[in-house]
Trainee: 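Dropping a structure here in structure tokens format, bear with me for questions.
By convention here, the first residue in the shown sequence is residue 1.
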Amino acid sequence: MNDFKLIRVERIEKNGKKELLIHNPTTLKLIGAGSQGSVFQLDEDICVKIYVNPNAATKEGKALEAAKDTHIVPRLYEVGPNYVIMEYLKGPILKDFLKGKQDIPESITEQIIMIRKELKRVGFIRIKTSIGHFVVIKGNVLKAIDHRWPHNE
């Protein structure tokens with residue numbers, strides 16, 4: 001499971017645009033990439049996010065820890081110098097879930113509102129609620145992802 005420590009993620013500028021350069025000498029499956037880093041599946045229920053900036057790993061680890069009792073974020077297992085090991089959420093991001101639908105289901109809207117309230121209650125000041133920051137898991141339950149600033153830091 002420590003193979004992931006061989007993975008390197010860096011941000012480069014190519015033709016005036018920033019993009020991630022991922023060096024993965026392992027057999028771990030890449031399951032997502034964003035502006036801060038890349039996510040790899042470690043096993044059926046666990047993934048690791050490797051960050052470009054180690055400070056971002058620390059901040060997301062603090063965010064997941066601050067919201068751990070809310071059950072609206074992935075479960076946190078470990079924070080390292082440039083990575084966070086967390087629960088692997090099986091399901092599409094909300095953006096993909098909503099494709100082809102005429103309306104947003106009422107239960108989804110209610111969950112977004114509840115998640116915003118819960119994150120605010122536990123001290124988040126920057127709350128991302130775009131449809132790319134939610135995963136729809138079994139039972140059409142939403143979980144929020146990609147949090148980095150849990151408190152006024």
Side-chain angles (χ1 to χ4, degrees), residues 1-5 7 9 11 18-20 22 24 26 28-153:
M1 189 155 111
N2 279 338
D3 282 0
F4 73 86
K5 292 182 179 178
I7 299 170
V9 179
R11 193 175 300 116
K18 291 181 181 178
E19 58 182 63
L20 284 184
I22 302 166
N24 180 9
T26 74
L28 295 174
K29 179 183 171 187
L30 174 68
I31 55 174
S35 61
Q36 298 298 318
S38 298
V39 182
F40 298 86
Q41 189 170 357
L42 295 178
D43 70 23
E44 188 177 320
D45 299 312
I46 300 174
C47 63
V48 62
K49 186 171 182 180
I50 311 288
Y51 295 84
V52 172
N53 179 346
N55 193 31
T58 302
K59 287 182 176 184
E60 184 151 8
K62 286 179 181 178
L64 293 172
E65 181 65 28
K68 71 179 179 186
D69 294 330
T70 66
H71 307 290
I72 58 173
V73 297
R75 182 178 302 124
L76 174 66
Y77 294 107
E78 181 182 330
V79 179
N82 69 330
Y83 66 87
V84 171
I85 298 177
M86 65 188 114
E87 174 185 16
Y88 171 53
L89 302 176
K90 297 174 197 79
I93 62 169
L94 183 56
K95 179 179 180 179
D96 293 338
F97 176 82
L98 293 174
K99 279 184 183 161
K101 291 189 178 6
Q102 294 286 340
D103 298 310
I104 297 175
E106 191 174 318
S107 66
I108 297 291
T109 303
E110 289 169 352
Q111 288 181 75
I112 292 170
I113 293 167
M114 181 273 299
I115 288 170
R116 285 189 58 83
K117 287 179 179 178
E118 277 296 290
L119 291 174
K120 192 171 184 178
R121 183 185 66 78
V122 298
F124 284 66
I125 57 169
R126 183 172 181 220
I127 300 171
K128 296 178 179 181
T129 52
S130 73
I131 58 176
H133 288 105
F134 293 101
V135 175
V136 184
I137 62 170
K138 188 177 179 181
N140 289 345
V141 172
L142 288 185
K143 293 247 185 175
I145 59 171
D146 287 341
H147 296 288
R148 295 183 307 142
W149 290 277
H151 299 287
N152 194 7
E153 294 181 14

Trainee: Return the minimal non-hydrogen interatomic distance between Gly34 and Leu20, and the atom names on each side.
Mentor: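 The pair with the smallest heavy-atom distance is O-CD1, 2.8 Å.
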
Trainee: Do Ile85 and Phe4 touch side chain to side chain, with heavy atoms closer than 4.5 Å?
Mentor: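 Side-chain contact under 4.5 Å: yes.
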
Trainee: How many angstroms lie between CG in Asp69 and CD in Glu118, if you round to the nearest 0.5 Å?
Mentor: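 The CG atom of Asp69 sits 10.0 Å away from the CD atom of Glu118.
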
Trainee: Please list, chain by chain and in numerical order, all residues satisfying ring-ring contact (aromatic ring centres under 6.0 Å, His included) with Phe97, sequence neighbours excluded.
Mentor: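 So Phe97 forms no ring-ring contact (aromatic ring centres under 6.0 Å, His included) with any residue.
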
Trainee: Does any part of the side chain of Val84, heavy atoms only, come nearer than 4.5 Å to the side chain of Tyr51, both counted from C-beta?
Mentor: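 Side chain of Tyr51 against side chain of Val84, heavy atoms only: contact under 4.5 Å found.
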
Trainee: Taking NZ in Lys18 as the centre, count heavy atoms belonging to other residues, nucleotides or ligands within less than 6.0 Å. Is the count above 12?
Mentor: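 Count not over threshold, so no.
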
Trainee: State, yes or no, whether a side-chain contact exists between Asn53 and Arg11 at a heavy-atom distance under 4.5 Å.
Mentor: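 A side-chain contact under 4.5 Å is absent here.
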
Trainee: Would Val136 and Leu142 satisfy side-chain contact (heavy atoms from CB on, under 4.5 Å), going step by step from the backbone distance to the final call?
Mentor: CA-CA 5 Å; Val136 184; Leu142 288 185; 3.6 Å; yes

Trainee: Would you say that Ile93 contacts Ile131 through its side chain, given a criterion of any heavy-atom pair below 4.5 Å between the two side chains?
Mentor: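 Side chain of Ile93 against side chain of Ile131, heavy atoms only: no contact under 4.5 Å found.
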
Trainee: Tell me, with the steps shown, if Ile7 and Tyr83 meet side-chain contact (heavy atoms from CB on, under 4.5 Å).
Mentor: CA-CA 10 Å; Ile7 299 170; Tyr83 66 87; over 6 Å; no

Trainee: Between CD of Glu78 and CD1 of Ile46, what distance do you get to the nearest 0.5 Å?
Mentor: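 Reported value, rounded in 0.5 Å steps: 10.0 Å.
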
Trainee: Closest heavy-atom contact between Val9 and Gly37?
Mentor: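 Closest approach of Val9 to Gly37, heavy atoms only: CG1-CA, 4.2 Å.
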
Trainee: Answer yes or no: are there more than 12 heavy-atom neighbours, outside Ile104 itself, under 6.0 Å from its atom CD1?
Mentor: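 Result for CD1/Ile104: open.
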
Trainee: Is Leu98 close to Pro105 at the side-chain level, that is, under 4.5 Å between some pair of heavy atoms?
Mentor: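 A side-chain contact exists here, since the closest heavy-atom pair is under 4.5 Å.
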
Trainee: Taking salt bridge (charged side-chain N to carboxylate O under 4.0 Å, His left out) as the definition, give me every residue that meets it alongside Lys138, ordered by chain and number, with sequence neighbours left out.
Mentor: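 If we apply the salt bridge (charged side-chain N to carboxylate O under 4.0 Å, His left out) test to Lys138, skipping adjacent residues, there are no hits.
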
Trainee: Return the minimal non-hydrogen interatomic distance between Val79 and Gly61, and the atom names on each side.
Mentor: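 Heavy atoms only, the tightest pair is CG2-CA, 3.6 Å.
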
Trainee: Assess whether side-chain contact (heavy atoms from CB on, under 4.5 Å) is satisfied between Phe40 and Asp3, documenting all intermediate values.
Mentor: CA-CA 11 Å; Phe40 298 86; Asp3 282 0; over 6 Å; no

Trainee: Would you give the length of the straight line joining atom CD1 of Ile112 to atom CG of Leu94, rounded to the nearest 0.5 angstrom?
Mentor: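 One gets 5.5 Å once the value is rounded to the nearest 0.5 Å.
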
Trainee: Starting at CG of Asn82, measure out to NZ of Lys5 and round the result to the nearest 0.5 Å.
Mentor: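 Asn82 CG to Lys5 NZ: 9.5 Å, rounded to 0.5 Å.
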
Trainee: Checking side-chain contact (heavy atoms from CB on, under 4.5 Å) for the pair Thr70/Arg121: CA distance, chi angles, key distance, verdict?
Mentor: CA-CA 10 Å; Thr70 66; Arg121 183 185 66 78; 3.9 Å; yes

Trainee: Looking at every heavy atom in both Ala63 and Phe124, which two are closest together, and how far apart are they?
Mentor: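 So the minimum-distance heavy-atom pair works out to O-CZ, 3.5 Å.
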
Trainee: If I compare all heavy atoms of Ala57 with all of Gly80, which pair ends up nearest, and what's the gap?
Mentor: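 Closest pair (atom of Ala57, atom of Gly80, distance): CB-O, 4.2 Å.
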
Trainee: About how many Å separate CD1 of Ile137 and CD of Glu87, when rounded to the nearest 0.5 Å?
Mentor: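 These two atoms lie 6.5 Å from each other.
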
Trainee: Heavy atoms only: give me the nearest Gly91-Val135 pair and the separation to one decimal.
Mentor: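 Nearest pair, atom of Gly91 first, then Val135: O-CG1, 3.6 Å.
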
Trainee: With rounding to the nearest 0.5 angstrom, report the OG1 to CG distance, Thr109 to Asp103.
Mentor: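 Between atom OG1 of Thr109 and atom CG of Asp103 there are 9.0 Å.
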
Trainee: Before accepting this row, confirm whether a basic side-chain N of the pair Glu65/Lys62 lies closer than 4.0 Å to the acidic partner's carboxylate O.
Mentor: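 Here Glu65 does not pair with Lys62 in a salt bridge, since their nearest N and O are not under 4.0 Å apart.
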
Trainee: Answer yes or no: is there a side-chain heavy-atom contact under 4.5 Å between Asp45 and Lys90?
Mentor: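 In short, these two side chains touch, coming nearer than 4.5 Å.
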
Trainee: Say whether, by atom type as modelled, one donor and one acceptor occur between the side chain of Gln111 and the main chain of Asn140 under 3.5 angstrom.
Mentor: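 Yes, the answer is positive, given that a donor and an acceptor are paired below the 3.5 Å cut-off.
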
